[in-house]
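What follows is a short report on a single structure.
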2 protein chains.
Amino acid sequence: MTAKPEDPLSHLSGYLLRRASSAALAGLNGRLEPLGLRHADVAMLMLIESRAGVTQSEAGRVLDIQRANMVAFVARLESRDLIRRRQVDGRSQALELTAAGRMLLKRARRVVSEHEAALLSKVPERLRPMVLPVLTALWQGG
Amino acid sequence: MTAKPEDPLSHLSGYLLRRASSAALAGLNGRLEPLGLRHADVAMLMLIESRAGVTQSEAGRVLDIQRANMVAFVARLESRDLIRRRQVDGRSQALELTAAGRMLLKRARRVVSEHEAALLSKVPERLRPMVLPVLTALWQGG
DNA sequence: TATTGTTATACTCTATAACTATA
DNA sequence: TATAGTTATAGAGTATAACAATA
């Protein structure tokens, strides 16, 4: 017996994915606003931290951001003195966090943790251990 | 013992949600392309079908589309003769499917079903019954 | 030849403010 | 006074094509 939904979309996992994702994104962006960051900024900072010296193109591949769109993105973070570019060879730029970037990331990570906790708190306790496995499975190249 | 991920983001449900959602959306839009539809079009057609006579504003509230953005959206579907507007009172417009809309929706629904099956097929069988409950729980107003 | 960073550009989606006419 | 539809507009986010410099 499933409850009858108000709309014919609530039984579609794709629709639920989209709505849950956009709601979560909006929530996270709201929490990050005081820090002057957006969710993508934090993803980038976290990636650079865990892979110091990652290349601009590499980062784009991991985060699924087009090379062309990375330019303005990286430039913005650099202009705020959150990251720094170091020439690796004639064409590649290694990305690193600045001290200010590390400090801001520290605060951002707390915000992300709060956000994660808020997300998981919506899920009944018995389903909570399934959240990461389910989402990980759903995310697989298409 | 969790496996060590390549990036520090894969343990964040919010990040997984976003990536899974955008991958799924892209997949669905690809499947719908031969029909000349996008995912939002199908959502709208399905909603109108299940609530014949729904108002433009009501539909926007259900689908989380701004009133202002509904105008061009509805106009496009109407210009393709997929939906029809009927004046309810001096200001409200009831939306209904045309015969062509119903026929196209029939085909779209098959595509959506294939897409749903493809999505679920990625999830290990034992987790599959958790997909809708988990996603439904994660989607709750923010 | 393939890759990196870059510019330019365009398209989709989304958000806001303001107007009108109706309820 | 609140709501429905509308217009105009701006901002994200994303996608593609092309180019120069380098590997």
Side-chain angles (χ1 to χ4, degrees), chain A residues 14-15 17-19 21-30 32-33 36-44 48 51 53-79 83-96 142, chain B residues 14-15 17-19 21-30 32-33 36-44 48 51 53-79 83-96 142:
Chain A
Y15 183 76
L17 253 185
R18 187 179 74 77
R19 294 300 299 266
S21 169
S22 91
L25 255 321
L28 178 56
N29 284 332
L32 287 172
E33 208 180 327
L37 294 172
R38 309 263 312 159
H39 67 94
D41 301 329
V42 180
M44 184 65 145
I48 295 176
R51 294 202 204 176
V54 69
T55 253
Q56 196 167 306
S57 292
E58 281 171 8
R61 277 190 293 269
V62 173
L63 299 178
D64 193 31
I65 300 175
Q66 304 290 321
R67 222 161 64 251
N69 296 326
M70 289 290 291
V71 178
F73 187 26
V74 163
R76 222 184 84 255
L77 295 175
E78 193 183 22
S79 78
I83 69 176
R84 171 194 314 125
R85 291 194 275 186
R86 187 171 40 83
Q87 204 71 22
V88 169
D89 59 25
R91 56 181 179 184
S92 295
Q93 320 244 333
L95 303 178
E96 295 164 353
Chain B
Y15 183 75
L17 254 186
R18 186 178 76 76
R19 293 301 297 268
S21 169
S22 92
L25 255 320
L28 177 56
N29 284 331
L32 287 172
E33 208 180 328
L37 294 172
R38 309 264 311 161
H39 68 92
D41 300 328
V42 180
M44 183 64 144
I48 296 176
R51 295 201 204 176
V54 68
T55 254
Q56 196 167 305
S57 293
E58 280 170 9
R61 277 190 292 270
V62 173
L63 299 178
D64 193 31
I65 300 175
Q66 303 290 321
R67 222 161 64 247
N69 296 327
M70 289 289 292
V71 178
F73 187 27
V74 164
R76 221 185 83 256
L77 295 175
E78 194 183 22
S79 78
I83 69 175
R84 169 193 318 123
R85 291 194 276 188
R86 186 171 40 82
Q87 205 72 21
V88 170
D89 60 25
R91 57 183 179 182
S92 295
Q93 321 244 332
L95 304 178
E96 296 165 351

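Labels below follow one simple rule: chain letters A, B, ... track the order of the sequence lines, proteins then strands, and each chain is numbered from 1.
Of the side-chain N and O atoms in B:R61, one or more sit less than 4.0 angstrom from OP1 or OP2 of D:dA4. Checking the phosphate oxygens (OP1, OP2) of D:dA2, no side-chain nitrogen or oxygen of B:R67 falls inside 4.0 Å.
With rounding to whole Å, A:R76 atom CZ is found 12 Å from D:dG13 atom C1'. For B:R38 and C:dC13, the CZ to P distance is 5 Å, given to the nearest whole Å. One can place CE of B:M70 at 14 Å from P of D:dT7, the figure rounded to the nearest angstrom. Taking atom CD on A:Q93 and atom P on D:dA21, their separation rounds to 15 Å, with Å as the unit. Between the P atom of D:dG13 and the CG atom of B:N69 lies a distance of 16 Å, rounded to the nearest Å. Taking atom CD of residue B:Q87 and atom P of nucleotide D:dT3, one finds them 19 Å apart after rounding to whole Å. B:N29 places its CG atom 13 Å from the C1' atom of D:dT14, with the value rounded to the nearest Å. What separates NE2 of A:H39 from P of C:dT14 is a distance of 13 Å, to the nearest Å.
The backbone N or O of A:R38 lies less than 3.5 Å from a partner atom in the side chain of A:D41, making a donor-acceptor pair.
Which of C:dT14, D:dA4, D:dG13 sits closest to the side chain of A:R18 comes down to C:dT14. The side chain of B:S57 approaches D:dA4 more closely than any other nucleotide in the set D:dA4, C:dT12, C:dG5.
Proximity of A:R84 to A:E78: side-chain heavy atoms (C-beta onward) are nowhere separated by under 4.5 Å. At a threshold of 4.5 Å between non-hydrogen side-chain atoms, the residues B:R86 and B:Q93 do not count as touching.
Using a 4.0 Å heavy-atom distance criterion, A:Q66 is classed as a base contact. If you check every strand for non-hydrogen atoms under 4.0 Å, A:A68 touches a base.
When all heavy atoms of A:L95 and A:I48 are compared, the closest pair comes out as O-CG2, 3.5 Å. Of all heavy-atom pairs spanning A:E96 and A:G53, the tightest one is CG-N, 4.1 Å.
Take the nearest nucleotide of DNA chain C for B:D89 and for A:Q56: the residue whose nucleotide is more 5' is A:Q56.
Contact of A:R91 with C:dT4 (side chain to base): no donor-acceptor pair of N or O atoms is detected under 3.5 Å.
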